[in-house]
Chemist: 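First, the structure itself, so that you have it in front of you.
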Amino acid sequence: MKYIPSAAIFFFLWTLAPQIALSQSEPIERVNANEANATALPNDALSASIATPQMFGAIGDGARHPISKTDLDANVGKWIGNYQVGDEWDYVALQEAIYACCQHVSRPEKESDSKQTKSLYLPPGNYLVNKAPTVTELKGASISGAGRLMTTITSKFAGPAFQTNGCWYTQFTGIHFTGTTPHDGAVFELDGNYDGTNKQGVQANTFKDCLFDGQGVVRYGLALVRRGGNKAQGSENLFLNCHFGNSKMAGVYINGYNALQNTFLGGNIQNCLNGIYVEAGSINVDSMGFQNGFQSQIEHHGYDIVLRNSADDHSSIKNCRTESACFIDSGKNHYVVLDNNNVVNAVVEWTARQAYPQGAITRGQRGGNGNGHVHIAMSSGTSGFSEPQWPGSALLAMGTIAAGADTLSVIDPALNKETARDYGVVVYGAAKDGAPLYSTLQKFIGNETWQLADKAATTATNVPVRIGPVVSDGNVQWMHYEYDEARTDSTVSVTNNTFKWGRTRFGGGEIANNSFARGDGFLSTVRQLRGRYSQAIVANNHVTPNGGWNTGTGLFSAPASGFGAEYPNVFGLVNTALLFMNGAEPGGNIAAKVSSDGDSQFRHIGGGGPPPKVAAAAAAGKGAVVSLATNSTDLAGQISITIGANPATGELATLTFGRAYAAAPFPQICAAGANASRLITALHVTATPIAMALVADKPLSASTRLEINYQNLGQ
């Protein structure tokens, strides 16, 4: 037997069991791998309150140590669990330590008694398991490691690194759970009542400073009541500064209508398709970080937060920061509060004479022809010398394509033979490893069928298909690229958030004090509210419409009969500023399209930017004097003219606009004084995009003074 001074054990356990008297000085016997014994050592004050896997033969060096037939025979009557030749010593020792700490009878399926439960401590090491260490009907326990980068449990089989079957009021601290073998479960299965052996579910557990790593092969990091579902409860669990990474489907998966009020404080989720995926239940997330990719997340329809169902449930996402492309997807009337979240993802700006691979995503240059549009390369090549005008929005439909085929069928009345000309297509899930297929439409070959330039790698049935116009740039073909950054279908509170390049669509509630980095995101929110006639107040948002998939659309439509009781669903747009970037040089007028489907009412119509300039023309006579009222603009103002000597028929004065119109405006004039009122019928106006002119139809009398008001309506 090998003896270790008790002081070494005391050092490990001081923070876990401060209540234990440390006067014990006699040595503690440690069982080695060939003499495993599940019984706590007698006369040991420490072993009465705490146990480690090393007491039962764990090695924890990250290497394989299978048990032999000799090991099994030597431990008959000592080991509580049933094991087989080839099981890892770390697994056997972990499971026996669990029995020693949490189940104190010979029947491992018997529930634990929190008054008798010991603490389980895992010293630094990497513990390999070929089966899942399992706690059953656990109540009020403490399972801890030396730190998430010091203590690791690694699953070497198609199953979890740790699982529970009934777990209440228990703490898990400072452990790294991971798996190296693909499987559709999680590296940690927090569950209960899933196999019919007990009736205890999951409730009120705390995870602190833990790491859940799927290593790119395991479907979930932590799964809450994935198998037990509603009967396993799953409520009031707290995750404090935990990190989740590299899971194929989601960092966290929750699957129970009773799995409510689960809270995530701090921590991070990265390199997962989805962050927290709630099939059913509710969550409150505060100050968590997300880095789940940009293009990969868009292409495979992932989100940082997914809320799939609701039974009148409420969730909140606050003070989070995400570098991912897609932030939240909430459906089935799940009520959500989004507050003070910051979307900080970035799309690489288009560059001239740059080599781009097929599928590359860029955004247009600010102030350029693309002006913030997000677009994707439908073919590889080198960009041109100047940024092209990016094409308009695409149409989203559902379609089918066979593996190895270049024919795509899409059932949508909006798609017809004309659509096949100069259009590109993105077929999700049809390329290698489930990636999208990027192609151009070659020709319309039959009812609802197109021939593509590229062939599918895999069969994709009833998958999203995006079809839209393409534009050439050098030898690259670009197509406009659209995606949802945030979307909900229910009443929400969306306040103090920063959104970026994608669309945002909310089902109602309060949309206030947000910043939308591009106008199409904000307009898509407004459009959804308008279409649903949802209850909504949209107030004090900062919007930058620097291009987008449908800028210039109507902001809102009021109910047909006003805001009476018969139309209780009201949408109001309050103090929402639109900032149009790069519309002119500093101090210039800013031209923008703002329209409404119905009547628009404005308190005042005014103008801004540099003032226009006025000059006398030849027909005003020699020595004529003209001037502008001090507050005159391109839009409206007053011209004063004093006719000079020898006036004639023709142009009296020219008003040159401070900023040119896109096309010649439609000027209106009226008399602003007595002389002008008598002579106004002898005057008319002409206009070009850069100026308007007052023209006399007959010569006016010398020294006559005229005051003429004008107004220009145009783009």
Chemist: Hey, can you tell me if Trp79 and Trp89 have their rings parallel, tilted or perpendicular (30° and 60° cut-offs)?
Modeler: perpendicular

Chemist: Might you work through the salt bridge (charged side-chain N to carboxylate O under 4.0 Å, His left out) test for Lys131 and Asp87, ending with a clear yes or no?
Modeler: CA-CA 8 Å; Lys131 296 176 182 175; Asp87 283 345; 3.4 Å; yes

Chemist: Under 3.5 Å, is there a donor-acceptor pair between the side chain of His243 and the main chain of Leu211?
Modeler: no

Chemist: Given salt bridge (charged side-chain N to carboxylate O under 4.0 Å, His left out), test Lys156 with Glu88 step by step and report yes or no.
Modeler: CA-CA 10 Å; Lys156 303 297 289 186; Glu88 293 290 342; over 6 Å; no

Chemist: Sort out for me which residue in Leu260, Ile283, Leu338 forms a side-chain contact (heavy atoms from CB on, under 4.5 Å) with Ser315.
Modeler: Ile283

Chemist: Is it the case that the side chains of Asn292 and Asn271 hold a donor-acceptor pair, with the cut-off being a distance below 3.5 Å and no angle test?
Modeler: no

Chemist: Between the side chains of Asp489 and Lys332, is the shortest nitrogen-to-carboxylate-oxygen separation below 4.0 Å, so that they form an ion pair?
Modeler: no

Chemist: Does Asp339 pair with Lys318 as a salt bridge, N-O distance under 4.0 Å?
Modeler: no

Chemist: Calculate, to the nearest 0.5 Å, the distance between atoms CD and CZ belonging to Gln163 and Phe177 respectively.
Modeler: 12.0 Å

Chemist: Please determine, by modelled atom types, if Asn319 and Ser287 share a side-chain donor-acceptor pair under 3.5 angstrom.
Modeler: no

Chemist: For the residue pair Phe56 and Tyr99, is the inter-centroid distance of their aromatic rings smaller than 6.0 Å?
Modeler: no

Chemist: Arg321 vs Glu323, test: salt bridge (charged side-chain N to carboxylate O under 4.0 Å, His left out). Steps then yes/no.
Modeler: CA-CA 7 Å; Arg321 180 185 185 275; Glu323 297 177 14; 2.7 Å; yes

Chemist: Regarding Glu485 and Arg503, does a basic nitrogen lie under 4.0 Å from an acidic carboxylate oxygen?
Modeler: no

Chemist: Using 30° and 60° as the class limits, which term best fits the ring planes of Tyr83 and Tyr91: parallel, tilted or perpendicular?
Modeler: perpendicular

Chemist: Is it true that Ser490 and Thr488 share a donor-acceptor pair across their side chains at a distance under 3.5 Å?
Modeler: no

Chemist: Should the pair Phe162 and Phe172 be assigned to parallel (<30°), tilted (30 to 60°) or perpendicular (>60°) ring geometry?
Modeler: perpendicular

Chemist: Hey, which of Ile276, Val202, Val252 is the one that makes side-chain contact (heavy atoms from CB on, under 4.5 Å) with Leu224?
Modeler: Val202

Chemist: Can a donor-acceptor pair be found, under 3.5 Å and without considering hydrogens, that links the side chain of Thr151 to the backbone of Leu122?
Modeler: yes

Chemist: Closer than 4.0 angstrom, basic N to acidic O: yes or no for Arg226 and Glu189?
Modeler: yes

Chemist: Side chains of Gln171 and Ser142 only: does a donor on one sit below 3.5 Å from an acceptor on the other?
Modeler: no

Chemist: Less than 3.5 Å apart, any donor N or O on the side chain of Tyr253 or Arg219 sitting next to an acceptor on the other?
Modeler: no

Chemist: Under 6.0 Å between ring centres: does that hold for Phe188 and Phe207?
Modeler: yes

